[in-house]
Amino acid sequence: MANSKRLKGTLGEHMAAFQRGAVEVIEERELEKRLVRALAEDEPMRIKFGMDPSSPDLHLGHAIPLFKLRDLQRLGHQVVLIVGDATAMVGDPSGRSMLRPVLTREQVAANLETYTAQAALVLDLERTEIVRNAGWFDRMGFEGILQLTTRMTVAQMVERDTFQKRLSAGEPVGINEFLYPLMQGWDSVEVRADVELGGTDQLFNLLVGRRLQEQESQRPQVMVTTPLVNGLDGRKMSKSYGNSVGLTDSAREMTFGLMRLDDEAMAVWFLQLTRLGEPEIAELLKGHPRTAKARLALEVAGFFHGEKAAAEAAEAFNREVRDKELPADIPEIRWDSSLGSTRALANLLKDMGLVQSTSEARRAIEQGGVRWNGEVHTDPRSEMSEPKERVLVQVGKKRVMHLLPAEA
RNA sequence: GGGGAGGUUCCCGAGCGGUCAAAGGGGUCAGACUGUAAAUCUGAUGGCUCAGCCUUCACAGGUUCGAAUCCUGUUCUCCCCA
């Protein structure tokens, strides 16, 4: 019976799943050999992937390896998700230009739950082995940690590009940061990883895993690196730049975000975040960029929220952005009569929560960005009186509210 | 342990004791334009009871009519020497 087998698919399908969108597979021939054997013996490979709960939310950049894990999981491989509660406290220096604050156990614990919940949006957690690395690192004790540190030299560590850059730029590098690659590498030993997935910035850490596994007489893991995608505007994806799309974002947020993606980035996003075939992707990219991008948004938002919600979000985008019409549902707020029957426009906008300060309101008003029932007002001091009926108040293109008369 | 250089507004970074809410760039916001909330161009960008007032330049004191700029102490970072 075919379905009594744990591994599904042909060697070619397995190789393709590993290779799709991968930047590097080290070593490719090693992977093939191990796959042949795995398939022959129907013995799933252990695919390691680590996530540090260092910030509370995952974005689409994080989802890239998750999608690959999902593919591999569906072929029957065993995904081992390491929730790096110990490593998170150290902080991954990869791609870091700054020393970052050490997280406390409490902060890490708080992020931990949201992390697995978010990973579950892509992965089948029923078929995922989830382990926390604090388990073994806590047990290791001082002596164990000391032993671990003897496995690499400072010269080997400092070879790393991020350390190089920071050192030559005169920026601080914490000693704790040297621990990070060793810890991540040791995780591979603990879970006996056959393959480890990681972003290209993880190259060094992944290599340390191979080294430690060899030292422990394990077969060194195959490394598969996935590209790091930039944010929507081409800069590094980061929540603080406001250029990321979160895994928990609504269909609307995903769609509106993806529609402003740089055109040039579309090819990579299609390949990494959708499972459309490569010929189809090529076809889409030949067509109008807007059409292609709309499809990308539909695919991604559809994956997380279903076709219907994605289609609705696409409609909303067309209506509000392309056709510059008002959103379907506009928040309403009532006139606050405790402030009297009239209010200076700048203050009113702040009261309504449309701006953060009256100064910001003044700026928006003076620059012609504020409309009262469609009419532009440019005097921040003009006294607005309580409306008789619903009034549409707009600040810029994005902020809209209905102002209603005070409760009778 | 010794010596030197630094910590400036969201970020980077300039800043003769008064003319500094503090150059410039990035980001952000607003306007124009656009297939797009992209790109490009223009303007704005601490707060407020806004032609004036209040709070900012690591922290705490001090000198001075007056300090981001001078002094003292504290703290953090980097570099060189040991």
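Proteins get letters first, then strands, A, B, ... in listed order; numbering begins at 1 in each.
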### P spacing across the pair B:rG26 / B:rU74, given as an integer number of angstrom
41 Å

### Query
Do you know the tightest heavy-atom contact between A:Arg343 and A:Leu339?
NE-CD1, 3.8 Å

### Task
To the nearest Å, give me how far apart CG (A:Asp323) and C1' (B:rG35) are.
11 Å

### Message
From CZ of A:Arg319 over to P of B:rU36, roughly how many Å is that when rounded to an integer?
### Response
16 Å

### Query
Mind checking who B:rU45 pairs with, Watson-Crick or G-U wobble, both distances under 3.5 Å?
B:rG27

### Query
What closest approach, in Å, do A:Arg219 and A:Glu30 show between heavy atoms, and which atom pair accounts for it?
NH2-OE2, 3.5 Å

### Message
Does either side chain, that of A:Glu196 or that of A:Ser188, offer a donor lying less than 3.5 Å from an acceptor on the other one?
### Response
yes

### Task
Could you work out the separation of B:rG25 and B:rC78 based on their P atoms and round it to a whole Å?
31 Å

### Task
For B:rA21, give its Watson-Crick or G-U wobble partner with both distances under 3.5 Å, or none.
none

### Query
Between A:Glu214 and A:Arg210, is there a side-chain N and carboxylate O pair less than 4.0 Å apart?
no

Atom pairs under 3.5 Å: protein N/O with N/O of nucleotides 37-47 of chain B:
from	atom 1	to	atom 2	distance (Å)
B:rA38	O2'	A:Asp262	OD1	3.3
B:rG43	N2	A:Gln367	OE1	3.0
B:rG43	N2	A:Gln367	NE2	3.4
B:rG43	N3	A:Gln367	OE1	2.9
B:rA44	O4'	A:Gln367	OE1	3.4
B:rG47	OP1	A:Ser357	OG	3.0
B:rG47	OP1	A:Arg363	NH2	3.4
B:rG47	OP2	A:Arg363	NH2	2.7

### Message
For A:Gln73 and A:Thr128, which I'm curious about, is there any donor-acceptor pair between the side chains at under 3.5 Å?
### Response
yes

### Message
Base, sugar-phosphate or nothing for A:Asp263? Non-hydrogen atoms, less than 4.0 Å.
### Response
base

### Query
For the pair made of CD in A:Glu177 and P in B:rU77, what is the distance, rounded to whole Å?
13 Å

### Query
Does B:rU55 have a Watson-Crick or wobble partner in any strand here, with both distances under 3.5 angstrom, and which is it?
none

### Task
For A:Glu366 and B:rA51, give me the distance from atom CD to atom C1', rounded to whole Å.
12 Å

#### Entry: Spacing between A:Gln394 atom CD and B:rC29 atom P, to the nearest angstrom
17 Å

### Message
Using atom C1' in both nucleotides, what's the gap between B:rA21 and B:rG52 to the nearest angstrom?
### Response
15 Å

### Task
Assign each of A:Ala364 and A:His288 to its nearest nucleotide of RNA chain B by heavy atoms, then name whichever residue's nucleotide is nearer the 5' end.
A:Ala364

### Task
Salt-bridge test for A:Glu216 and A:Arg192: reply yes if a basic N is under 4.0 Å from a carboxylate O, no otherwise.
no

### Query
Can you tell me the Watson-Crick or wobble partner of B:rC78, both distances under 3.5 angstrom?
B:rG4

### Query
Between the side chains of A:Thr358 and A:Asn347, does any donor sit under 3.5 Å from an acceptor?
no

### Message
Output the rounded distance in Å from NZ (A:Lys165) to C1' (B:rC78).
### Response
19 Å

### Task
Could you work out the separation of B:rG27 and B:rA38 based on their P atoms and round it to a whole Å?
11 Å

#### Entry: Distance-only side-chain donor-acceptor flag, A:Asn318 / A:Glu315, under 3.5 Å
no

### Query
Is a donor-acceptor contact shorter than 3.5 angstrom present between the side chain of A:Asn318 and the base of B:rG35?
no

### Earlier contact from the 5' end, RNA chain B, for A:Arg290 and A:Arg371
A:Arg371

### Message
I'd like the C1' distance from B:rC53 over to B:rG61, given in whole Å.
### Response
27 Å

### Message
Roughly how many Å apart are B:rA68 and B:rC81, using the C1' atom of each and rounding to a whole number?
### Response
32 Å

#### Entry: Side-chain ion pair, A:Glu332 and A:Arg390, N-O less than 4.0 Å
yes

### Summary
A:Ile365 atom CD1 is separated from B:rC50 atom C1', nearest whole Å, by 12 Å

### Query
Which value, in whole Å, describes the distance between the C1' atoms of nucleotides B:rG15 and B:rA22?
8 Å

### Query
Atom CG of A:Asp379 to atom P of B:rA51: distance rounded to whole Å?
12 Å

### Message
What I want to check is whether an N or O donor and acceptor connect the side chain of A:Arg362 with the base of B:rC50 at under 3.5 Å.
### Response
yes

#### Entry: Interatomic distance at P, B:rA30 relative to B:rA14, whole Å
31 Å

### Message
Taking pairing as Watson-Crick or G-U wobble with both contacts under 3.5 Å, can you name the mate of B:rU9, or confirm there isn't one?
### Response
none

